[in-house]
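Shown next, in structure tokens, is the structure this report addresses.
The basis for the numbers below is simple: all heavy atoms, side chains too, and nothing from hydrogens, waters or symmetry mates.
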Amino acid sequence: MKEKEKVRIKVDDVKIGMTLAESVYVTHGGAQMMIVRKDTEVDEKTLGQLAKYEVRRVVVYVQREPGTGTLLRGVNLDEKPEPEPPPQIRFETATGKVRPVLEKDLRVLTLESIRELFGALQTPGGNVRISTAFEVVSKFEHTLNRLVSEVTQDISGLIHIQDLKTIEDFPYHHSLSVTILSVATGKAMGFYSTELIKLARCAILHDVGKPYIPQHITGKKGKLSDEEYKLIQEHAVNGANNLKSKGFGDIQLWNGIMFHHERVDGSGYPKGLKGNEIPLFSKIIAVADTYDAVTSRRPHREPMSPAEAFELISSEVGKAFDFEIVKAFTKHLVLYPIGTAVELSDGHIGVVTRSENVLRPTVEIRSTGETIDLSKNLSLAITKVASAG
């Protein structure tokens, strides 16, 4: 019987049809992210990814004849393999005190402003009175400027959005969270204030086309049919066209909304745009939208943990998401701030006391007072953010 084992080989020796035995990570500017997932069967696209990021060696599965040193695939193993470090995602984060994203009064004001704006702009085919529209838009723009100022005034602080999580009023909280994450990303990318305002406007309105989707579809717990999924896909175009028909915004706003579900490898919708064909605002919002959506509790599913969400996003770099944007996205976001209550894989509830390691912080167990450094105790993991009570 042929034996299967892992070997580390040069990328030049990798052949189509091989299977990767370890995920492939790349480091750039202090951030380490996955570009190819473990157990991927190598094809032309995989080889292109490895070449693009100048990966030199990978770990693959090979087969030997029992009792021999003969590799069945003819891979050159004359060079002594270098020790393979355990795969670990490390994100570049700013140093500073973790702070709430928004003070309560601004959060309430922003959510109220979003509700009013959505009510005035998003009704399919609805007409908006000029005086009402002017009042709502003026209030919205004032709040928007204050929001951007608040998010960016202390960008050295680490941003934590867990305090915004709620199932009630999800569309509005989701819009707010996506805006905060997008603005922080734009700031990390060097955007000026005027561009941050435009990005924030686009992020807040990215789902303004959702009312076009019938409620029986948005609230459905089971698998969507092809026809239902197609209706959902149309929300981006419908939202942009609705704003355009009402004379709200400009081409940058409409395109940013229309294409926020495009993916850099061309697998998104509505047009299957690739790479730099996709507007920059859309690519930023795509990352923020995905992170907030998968970490939010919905009627039909439990939320992912922050670490699981980061694993998901990093695994989609080069496929769904742009590498530089994901790197900027991680720069001012902390997964488990000090004081966060978490549930561990053994069922114990603990509180984060140190968070230098982004994915595996130090936790104090509530029931025993024991302190566990999860970066050293790999048998335990955080399964979810627990109730603070």
Side-chain angles (χ1 to χ4, degrees), residues 28-31 91-103 106-107 109-110 113-114 117 121 137-161 164 175-208 239-240 243-244 247-260 262 264 273 275-292 313 317 321-334:
H28 181 67
F91 297 99
E92 176 186 354
T93 57
T95 58
K97 184 180 179 181
V98 175
R99 61 182 174 84
V101 181
L102 299 177
E103 295 299 329
L106 180 56
R107 179 173 60 185
L109 178 65
T110 305
S113 183
I114 294 172
L117 186 71
L121 295 175
V137 171
S138 295
K139 178 181 178 181
F140 169 75
E141 291 295 328
H142 175 75
T143 304
L144 189 67
N145 278 270
R146 186 178 165 191
L147 172 67
V148 171
S149 176
E150 180 73 16
V151 173
T152 59
Q153 68 176 345
D154 182 22
I155 202 64
S156 63
L158 299 175
I159 290 178
H160 172 44
I161 63 169
L164 293 177
S175 293
L176 178 55
S177 294
V178 169
T179 303
I180 291 167
L181 294 169
S182 296
V183 169
T185 302
K187 182 68 175 181
M189 295 175 69
F191 284 19
Y192 292 112
S193 296
T194 52
E195 286 300 299
L196 290 175
I197 292 291
K198 293 177 183 178
L199 173 60
R201 189 181 296 116
C202 189
I204 279 183
L205 293 168
H206 76 282
D207 273 345
V208 74
L243 295 182
K244 189 184 301 185
F248 183 88
D250 55 20
I251 190 68
Q252 188 177 32
L253 175 68
W254 303 329
N255 284 347
I257 293 170
M258 185 178 297
F259 300 121
H260 75 273
E262 297 287 2
V264 295
L273 302 181
N276 290 332
E277 296 173 347
I278 306 170
L280 182 57
F281 283 3
S282 299
K283 290 194 285 188
I284 293 172
I285 292 168
V287 177
D289 182 31
T290 299
Y291 179 83
D292 186 66
I313 288 174
V317 168
F321 308 124
D322 181 276
F323 179 87
E324 294 298 329
I325 289 173
V326 173
K327 183 162 72 75
F329 174 80
T330 66
K331 192 171 185 180
H332 297 290
L333 187 70
V334 63

How long is the straight-line distance from [atom2] of [Y] back to [atom1] of [X], given to the nearest 0.5 Å?
X: I114; Y: L205; atom1: CD1; atom2: CG; value: 8.5 Å
X: I313; Y: T290; atom1: CD1; atom2: OG1; value: 6.0 Å
X: L117; Y: R201; atom1: CG; atom2: CZ; value: 10.0 Å
X: L176; Y: L147; atom1: CG; atom2: CG; value: 6.5 Å
X: I278; Y: D322; atom1: CD1; atom2: CG; value: 8.5 Å
X: I197; Y: N145; atom1: CD1; atom2: CG; value: 4.0 Å

Testing the basics here: between [X] and [Y], what is the closest heavy-atom pair and its distance to 0.1 Å?
X: A188; Y: A328; answer: CB-O, 3.7 Å
X: S175; Y: I204; answer: OG-O, 3.4 Å
X: L181; Y: A288; answer: CB-CB, 3.7 Å
X: L196; Y: G186; answer: CD2-C, 3.7 Å
X: K283; Y: V264; answer: CD-CG1, 4.0 Å

task = Over 60° means perpendicular and under 30° means parallel, so classify the ring planes of H206 and H260, tilted if in between.
result =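 Rings of H260 and H206: perpendicular, over 60°.
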
message = Taking side-chain contact (heavy atoms from CB on, under 4.5 Å) as the definition, give me every residue that meets it alongside A286, ordered by chain and number, with sequence neighbours left out.
response =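 Only R263, F321 meet the side-chain contact (heavy atoms from CB on, under 4.5 Å) criterion with A286.
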
message = My understanding is that only residues two or more places apart in sequence, or in another chain, count here; which of them pass ring pair (Phe, Tyr, Trp, His ring centres under 6.0 Å) with F259?
response =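 Partners of F259 by the ring pair (Phe, Tyr, Trp, His ring centres under 6.0 Å) criterion come out as none, since no residue qualifies.
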
Result block: side-chain N/O donor-acceptor pairs under 3.5 angstrom for residues 249-258, not counting sequence neighbours:
residue	atom	partner	partner atom	Å
D250	OD1	Q252	N	3.2
D250	OD1	L253	N	3.0
W254	NE1	F248	O	2.8

inquiry  = Any non-hydrogen side-chain atom of H142 less than 4.5 Å from a side-chain atom of K139?
reply    =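 Not in contact.
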
message = E277: which residues meet the salt bridge (Lys or Arg N to Asp or Glu O under 4.0 Å) condition with it, sequence neighbours left out?
response =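 Testing E277 for salt bridge (Lys or Arg N to Asp or Glu O under 4.0 Å), a comparison that skips the adjacent residues, returns none.
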
request  = Please say which of I325, V326, V178 ends up in a side chain to side chain contact (heavy atoms under 4.5 Å, CB included) with I284.
outcome  =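 Answer to the side chain to side chain contact (heavy atoms under 4.5 Å, CB included) test with I284 among I325, V326, V178: I325.
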
